[in-house]
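Each chain gets a letter, A, B and so on, in the order its sequence line appears, and its residues count up from 1. Below, each value reflects all heavy atoms present in this structure, side chains not excepted, and no hydrogens, waters or symmetry copies.
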Amino acid sequence: MSADKTAITPTRAQDFPEWYQQVVKAADLAENSETRGCMVIKPWGYGIWELIQQQLDRRFKETGHQNAYFPLLIPLSYLEKEAEHAEGFATECAVVTHHRLEAQKDEATGKTKMIPTGELAEPYVIRPTSETIIGAAFARWVQSYRDLPLLINQWANVMRWEMRPRLFLRTAEFLWQEGHTAHETKEEAIAETRLMHRVYEEFLRDHLAIPVVPGEKTENERFPGADMTLTVEAMVQDKKAIQAGTSHYLGQNFSKAQDISFTSRDGVVQYAHTTSWGVSTRMIGTLIMAHADDDGLVLPPRVATQQIVIIPVTPKEDTRQAVLDACHALAETLRLEKKFHGDPLRVHVDARDLQGGVKKWEWIKKGVPIRIEIGPRDIETRKVCVQRRDQAPNAKEFPDKEDFLRGATDILQEIHDALLRRAADFRDANIIPCDSLEPFHAHWAQDNPGWLLTPWAGTSGEEEELSKRHKITIRCLPLGKQDAPEAPCFLTGKPTKSRALWGRSY
RNA sequence: CGGGGCGUAGCUCAGCCUGGUAGAGCGCCUGCUUUGGGAGCAGGAAGUCGUCGGUUCGAAUCCGGCCGCCCCGACCA
């Protein structure tokens, strides 16, 4: 193999979107299905989702939430209750209109066709999100201030009839969690919105090694029906932005529309303040675009379906069994004795009867953080061959087995830290301050323009104009930057303490 | 929903213009060789050529309807 050959063709530099597709394929994460816009998530990819689920769910429970489950089908009339909300999703709803099929034989061809029949009096919409149907339940559950706060989360699938699907990033059906809460006061609801926003930021940083810019969406970019939308924005390797998670303060918009009311401490009937927040399988797409390289996927250790893969090297038949035994023994020791952030290590022995090189490259493409090779010589010298996914494919070290055992979880943490640092450096290098119009316009003519941070005091209309002109959006008003030194807005010249972050996005 | 392109083996595609009834590479299976390595050689399995209809002695190939997919826009977690 020549030194410049990569496992993935094309490379990121050659064709980023195609590279992405090839990584998904090479890592065996998911594939397109017969159903338009919907993907089949394969075990290696679903394993990542399961880990995301487990670890996020733990945080939700720690912050006082409980899981529940609500129907997939929402009566059409529910979507008519909150006008803005309905309008926001109207163009991407799948509608269920019939409840049975009738077999009909075509006399000419002899084939049987199934004809929908039994039309429903009121159609159902397959949930694009569940505010309305959960709100209806909340209306029944909330009677008194003593019923509040109501802190519910649901793990579910939703469907949005997207025009241009892309594996993980934008599929018609996707998996997510949606938190829905109801509170007595605005302050409490906003505190909840901010809390979950922070949970997302920490999760992305500490579990996925993705640094994000936390901030607030402008009115133009808000969730339909929300008073405030908080977002975590990730920058991926083509310098585009991906909204990795959102947390919304819904004010009393939904509670008024759906009558989520309660008798307050002073005996007055009031409307609850509600929130909703969610992350989806899109995070897997974000993770790929943030960390993968020209040899395939690179998994942050905490969400790696397997963290360590041990490849037996069996050149001779007479030492084969001893090598296999040594591999299994090491795997078992790692599983039983080592923990990474509280979870037992996930270790796999790849004993398949394939050539070593084939196996090695397969695990590189699948992004396994640590590869171990053990052969007859290593058994004699009591060493192991250690290779890391954050280093070159042919880089290897030969520590004593005992030393490796002692330091295995440290290596995982080092890999996590290295991924995070690399991504953070990249992001920081590609957020450019900009305080006047000329360079702003010029910036977006570049190929992969990165983000601009500007003083901003423009109106929604002015924002929209700039957005359309350059195919950009205000990704967010970054959280820590809304009390900056007063400066003239780059567009209007009005003095402002606020800063806006502009970029192209997925 | 507008503008382009394409549906042929599991995958990527050639063949279509100039109709004569199906090919390559990769993958898969078998055998031999190789073995700290994404190997080599030999053999093999696998396609009602998206679908319905028309023209023709004969259609993957020509004509029409339908269905689906991809790319560029509008829309979006």
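- Residue Tyr506(A) is classed as having no contact, given no heavy-atom separation below 4.0 Å to the nucleic acid.
- Among the atoms of the strands shown, none is found under 4.0 Å from any heavy atom of Lys359(A).
- Atom CD1 in Ile8(A) sits roughly 13 Å away from atom C1' in rG38(B) (whole-Å rounding).
- Both cation-pi conditions hold for Lys240(A) and Tyr506(A): the charged atom is under 6.0 angstrom from the six-membered ring centre and inside a 45 degree cone around its axis.
- The distance from atom CZ of Arg160(A) to atom P of rA74(B) is 20 Å, rounded to the nearest whole Å.
- Each of Arg282(A) and Gln21(A) was matched to the nucleotide of RNA chain B holding its nearest heavy atom; the match closer to the 5' end belongs to Gln21(A).
- Rounded to whole Å, the distance from NZ on Lys240(A) to P on rC76(B) is 15 Å.
- Among the heavy atoms of the strands lying under 4.0 Å from Val358(A) are primed sugar atoms or P, OP1, OP2 only; no base atom is included.
- Nucleic acid contact for Gln243(A): sugar-phosphate only, since backbone atoms but no base atoms lie under 4.0 Å from a heavy atom of the residue.
- rU21(B): no Watson-Crick or G-U partner with both key distances under 3.5 Å is found in any strand.
- Asp378(A) comes within contact range of at least one nucleobase, with a heavy-atom separation under 4.0 Å.
- By the 4.0 Å N-to-carboxylate-O rule, Glu362(A) lies close enough to Arg352(A) to be salt-bridged with it.
- The distance from atom CG of Leu167(A) to atom P of rC69(B) is 14 Å, rounded to the nearest whole Å.
- Figure legend: cation-pi geometry between Arg475(A) and Trp456(A) absent, as NZ or CZ is not positioned both under 6.0 Å from the six-membered ring centre and within 45° of its axis.
- Between Pro165(A) and Cys385(A), the one whose closest nucleotide on RNA chain B sits nearer the 5' end is Cys385(A).
- Summarising the geometry, the separation between NZ on Lys25(A) and C1' on rC26(B) is reported as 10 Å, rounded to the nearest angstrom.
- Salt bridge status for Glu31(A) with Lys42(A): present, with a side-chain N to carboxylate O gap under 4.0 Å.
- Searching all strands for a Watson-Crick or G-U wobble partner of rG50(B) with both distances below 3.5 Å returns rC66(B).
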